[in-house]
Amino acid sequence: MATECKDYEPATIEARWQDYWATEKTFRAVNFSDKPRYYVLDMFPYPSGTGLHVGHPLGYIATDVFARYKRMRNFNVLHPMGFDAFGLPAEQFAVEHGVHPRVTTEKNIENMVRQLKRLGLSYDWDRAVATTDPGYYKWTQWIFLQLYNSWFDPDANRARPIAELIDLLEAEKLLVSADRRSLAPGTASEPATPKAPATRHSWNELSASEQREVLARHRLAYIAEVPVNWCPALGTVLANEEVTNDGRSERGNHPVYQRPLKQWMLRITAYARRLEDDLALVDWPQPIKLMQHNWIGRSEGALVEFSLEASDAPALSVFTTRPDTLFGATYMVLAPEHPLVDTLTTPEQREAVTAYQAKAAARTERERQAEDKTKTGVFTGAFAVNPVNNERIPVWIADYVLTGYGTGAIMAVPAHDERDFEFAKQFELPIRAVVMPDDTWLRDQAAKLPGEVAGAIEHLRSTYAENPSEFPNAFTGEGVNLNSANDEVSLNDRPSGEARAAITAWLESKGLGRAQVQYKLRDWLFSRQRYWGEPFPILHGPDGEIVPVEEKDLPVELPEMEDFRPDGSDDPNAAPRPPLGRAPESWRCVERDGVRYQRELNTMPQWAGSCWYYLRFCDPGNDERFVDTDAESYWMSAGNAEGQARNGGVDLYVGGAEHAVLHLLYARFWHKVLYDLGHVSSPEPFGRLFNQGYIQAYYYEDERGARVPAEDVVDQDGRPAEQVQDEPGRRFFHDGKPVIQQYGKMGKSLKNAVTPDHVCEEDGADALRTYLMFLGPLEAMKTWNTQGIEGISRFLKRVWREFIDRDGNRNPRILEGPETNPEILRVLHQTIKKVGEDVEGLRLNTAVSQMMIFVNHLQKADTFSIDTGKAFLRLLAPFAPHLAEELWERLGERPSVCRAPWPEHDPAMLETETVKVVFQVNGKYRGDAQVGKTADRETVLAAAKEQPKVAAQLEGKTVRKVIYVPGRILNIVAS
RNA sequence: GCCCGGAUGGCGGAAUGGUAGACGCUGCGGACUUAAAAUCCGUUCCUUGCAAAAGGGUGAGGGUUCGAGUCCCUCUCCGGGCACCA
């Protein structure tokens, strides 16, 4: 069985055991077992053409160590791997090389599987999935239809089948508002009177197309014409999450333009509250929770109605977090795209307004950024009425107010909002103080003024109250109100919080406003104008009706096409034309009951497939369902065993932090919908999340700033750069020309990738695995240093020699029978304890250190017991599994060591007769001694005073105090 | 600008408020060898000192404590996220 190697030959040993694991299916996970379950998941990769570099498997190896450990702890472990294979790069590569994306994708997957297997990762390969398999994306389409056929019931705070909404509407338990945008409870429609036209309608009075419109406004998947991020260079639209903060595409860094387009949207905003609240249910790194928290962007405030002076216009609704400053609202601003702009603009101002709107539309986000600072805007000519004091205030438009947030309109309180303050100064609008700042703020501000407004604090206060515009900044903090009273309510002298509550209550009583929670999160733009993605299971009828493809007709497969290129363009005004528009007519057109339907021509974004793959792994071959209910619940429901997810979801999910608001937010949203509809058993998909850090490496740039391959760089003595990169005084050259050493994330673009294949060949997979774990804390950024692996290689060779002599036989130093060397016994049990605890906490670097310490002890002993050897091999097995298997069998055990139980440490073995107590004088180390475990203070103090160093320090001093921590330290305070 | 995270030898890093630098890399010295590689032994924070030893030292400055890398305050630098979100 085992190899015949005399020396440690990783290549031979590793090939042998990888073969064994594959044949024996050692890592097969079975659904249902008496053992407790454990689900360990990696974020599955995109199978790129360049394959893996050593940074990629960092997380995979960590989860592998953990999965192997958990198996030895008697868990039934699910540890799968798959491929997120739809998406732009495959398509772009395919276009460049004229090959079908399916061909390149399959080739890339094959190569990546080979690389991963070479690392000895203990995946259950029988469960591997690719999002591009029709058998997989059938269910991605099915889940989309679940979204399409559901609505979010705000009262139940969950999704429900759309059929239930229709029932409620038909029974007139819900009525439709006049604009058909919202629903309200009611038992009968209010009869219309000449004075008050009906505000609500019964569903049954609506036409079929009106009914469709009502439903569309509530479905979780819907088509809407909204301003979207259009990227002409990529020929597709992008989600907010895919656009960088300077208005460019995250992929490719192309300019992105805002333009209104009809697109598929997913109503993720309905879940804003639960996505926020349920972060409390999961064990995730705090920074990731914070990033999601910020992205969701909950803010509490009030919705306030401002009536317009022109009586026929509807009221202007604004959202504010500071209703307490309402008395300071001296003008209003609408976003240039606000729907009411046209209605309320006066003829005199129309030209200026239209010009401003055109200018705003033409500017990209990036241009808005660049101009920054200076506020622009135009007066519409209209006036609104401030509901608290009936003051007539002008209505402006300006691009500092965004369409997509709140109502797209604001009340401007220039005294207490920095942006409004700037705008008001720019256009000489009135600024009224309604909150008195604290004295510190007033003094700080006075200090910034050129003249001397300074003086007594009373003077500053009265100046502020009368003329806040004399100060350089707006006061945006909280304080006590002033200038804030009408006949019915006064906020004066009340603190901001109280003022907010008071004015909100007043507004509510008057029907002028109400408390409101607002989210920054927007609906998820879900269609892309690309070929290589999941087709929508949707048909469009001749009258514009939308018909979902029936479940039995799924999947809607991608058509075979010769030319699948996107219609990219540099012209931001060119209309998007999805490649599927050029698909054969036989695919595009479907006839049902004599009606000709057109297939939806957009495809889903790359994130779709990754939103639910962790569920498919529970039951990957199922043709009947996306996942078997029992299998899902076995792997995903809440668990009580050691380390299992308390509230359900994947027990351990490891991946990079770059997915904080994309994949992780989208997947949570889909999961919650499936949960609401009763398809999954846990409220959250990922119970425990861990972010591994990046691997960084040196890279080299020539004088033009172009990167050169790091592997070809040498120093002034002609030695390869990778061997001398940390030595001082090195200068680097490529092709004889000087280059500069830099430092950054390992990857193709910096030309500093080191492949695992290369390292496996040189040192073996076991060395690479152990080295990557040893490098530092899993979550930290780490530097790849090829030299460092040498230490791990030596360690593994040493392990080999401890067990195998030069003739390839069992080392005669290994004795039968239990361990007799107390020193070895003690260190062994220390090691069992520390390695177990460290692996459990993913502190894999210190676990490796401890194993090294153990082997250093072993090496110094003349002999050791076979029991000791076997215990150690089990600790080593998760890290260096091939070597552990080989030695395990050579010690006469049956493979596989993966199935051997994890050793238990005996606390009694860690106890010693005496303990070391450190002696300090005035907090400084002056010696130590072994003392009895129960030694009392006086005994230890006496022992300390006997030590010459301690005595010398005490000479001529009086002992003031003695601190004794039993078994640890004795500190004598003397002066 | 706001919000997170970080800073420890030549390098990666380790340290329940209790001997800072475990473990490893590199460097230096030695053994084995005709020689080299491999392996093994020793050594490697800084300053003074032949040594024994003493003093200093965890980005900077202050504080709490018998005792601070660790806790608190202020600042500097680096990394990440968000950014006219009303």
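Order of the sequence lines sets the chain letters (A, B, ...), proteins ahead of strands, with each chain counted from 1. These values consider heavy atoms only, across backbone and side chains, with no hydrogens, waters or symmetry-generated copies.
Between the C1' atoms of B/G67 and B/G17, the separation comes to 8 Å (whole Å). B/G56 and B/U74 have their C1' atoms separated by 25 Å, with the value rounded to a whole Å. For the C1' atom pair drawn from B/A7 and B/A14, the interatomic distance equals 16 Å after rounding to whole Å. B/A37 sits 42 Å from B/A53 when the C1' atoms are compared, rounded to a whole Å. The same atom, C1', is picked in B/U34 and in B/U47; the two are 45 Å apart, to the nearest Å. Look at the P atom in both B/A22 and B/G30: the space between them is 24 Å, to the nearest Å. Using atom P as the reference point in both B/A31 and B/A36, the two lie 11 Å apart (nearest Å). Across the P atoms, B/G10 and B/G63 are found 28 Å apart, a figure rounded to whole Å.
Between A/Met781 atom CE and B/G6 atom P the separation is 13 Å, expressed in whole Å. Rounded to a whole Å, the CD1 atom of A/Ile789 is 14 Å from the C1' atom of B/G12. The distance from atom CD of A/Glu418 to atom P of B/A83 is 19 Å, rounded to the nearest whole Å. The distance between atom NZ of A/Lys289 and atom P of B/G5, rounded to the nearest whole Å, is 14 Å. Distance, A/Lys520 NZ to B/C82 P: 9 Å, rounded to whole Å. The interatomic distance linking A/Met291 (CE) with B/C2 (C1') rounds to 15 Å, in whole Å. Atom pair A/Leu290:CG and B/C2:C1' shows a separation of 12 Å (rounding to whole Å applied). In this structure, CD1 of A/Ile972 is placed 15 Å from C1' of B/G18, rounded to the nearest angstrom.
Around atom CZ of A/Arg273, no more than 12 heavy atoms belonging to other residues, nucleotides or ligands sit under 6.0 Å away. Atom NZ of A/Lys957 has more than 12 neighbouring heavy atoms from other residues, nucleotides or ligands inside a 6.0 Å radius.
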Report task. If a protein heavy atom is under 4.0 Å from the base, mark B; if only from the sugar-phosphate, S; if neither, -; do that for nucleotides 36-49 of chain B going 5' to 3'. Result -> ---SS---------
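A/Glu837 and A/Lys833 are joined by a salt bridge, as a carboxylate oxygen and a charged side-chain nitrogen come within less than 4.0 angstrom of each other. A salt bridge links A/Asp7 to A/Arg801: one of the charged nitrogens lies within less than 4.0 Å of a carboxylate oxygen. Residues A/Arg500 and A/Glu478 are paired through a salt bridge, judged by an N-O separation under 4.0 Å between the basic side chain and the carboxylate. Salt bridge A/Lys860/A/Glu823: absent, no basic N to carboxylate O contact under 4.0 Å.
The side chain of A/Ile969 approaches B/G18 more closely than any other nucleotide in the set B/A54, B/C23, B/G18. Comparing atom distances between the A/Arg968 side chain and each of B/A14, B/C23, B/U16 picks out B/U16 as nearest. The A/Tyr405 side chain lies nearest to B/A86 when the options are B/A86, B/C23, B/A54.
For the pair A/Arg522 and A/Val918, nearest-nucleotide mapping onto RNA chain B gives the more 5' position to A/Val918. Both A/Gly791 and A/Pro287 sit near RNA chain B, but only A/Pro287 has its closest nucleotide nearer the 5' end.
Within the nucleic acid shown, A/Val973 comes within 4.0 Å of sugar-phosphate atoms alone, with no base atom in reach, counting heavy atoms only. Contacts of A/Met851 with the nucleic acid, taken as non-hydrogen atoms under 4.0 Å apart, are absent.
With rounding to the nearest 0.5 angstrom, the OG1 atom of A/Thr770 is 6.0 Å from the CG atom of A/Asp766. For the atom pair A/Tyr331 OH and A/Phe423 CZ, the distance stands at 5.5 Å (nearest 0.5 Å).
A cation-pi geometry, defined here as NZ or CZ lying under 6.0 Å from the six-membered ring centre and within 45° of its normal, holds between A/Lys375 and A/Tyr400. With a 6.0 Å cutoff to the six-membered ring centre and a 45° limit on the axis angle, A/Lys745 counts as a cation-pi contact of A/Tyr694.
The aromatic rings of A/Phe427 and A/Trp396 sit tilted, their planes meeting at an angle between 30° and 60°.
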Requested in this report: Return one dot-bracket line describing RNA chain B 5' to 3' (Watson-Crick or G-U wobble pairs, both distances under 3.5 Å; ( ) same strand, [ ] crossing, | another strand, . none).
Outcome: (((((((..(((.....[....))).(((((.......))))).((((....))))..(((((..]....))))))))))))....
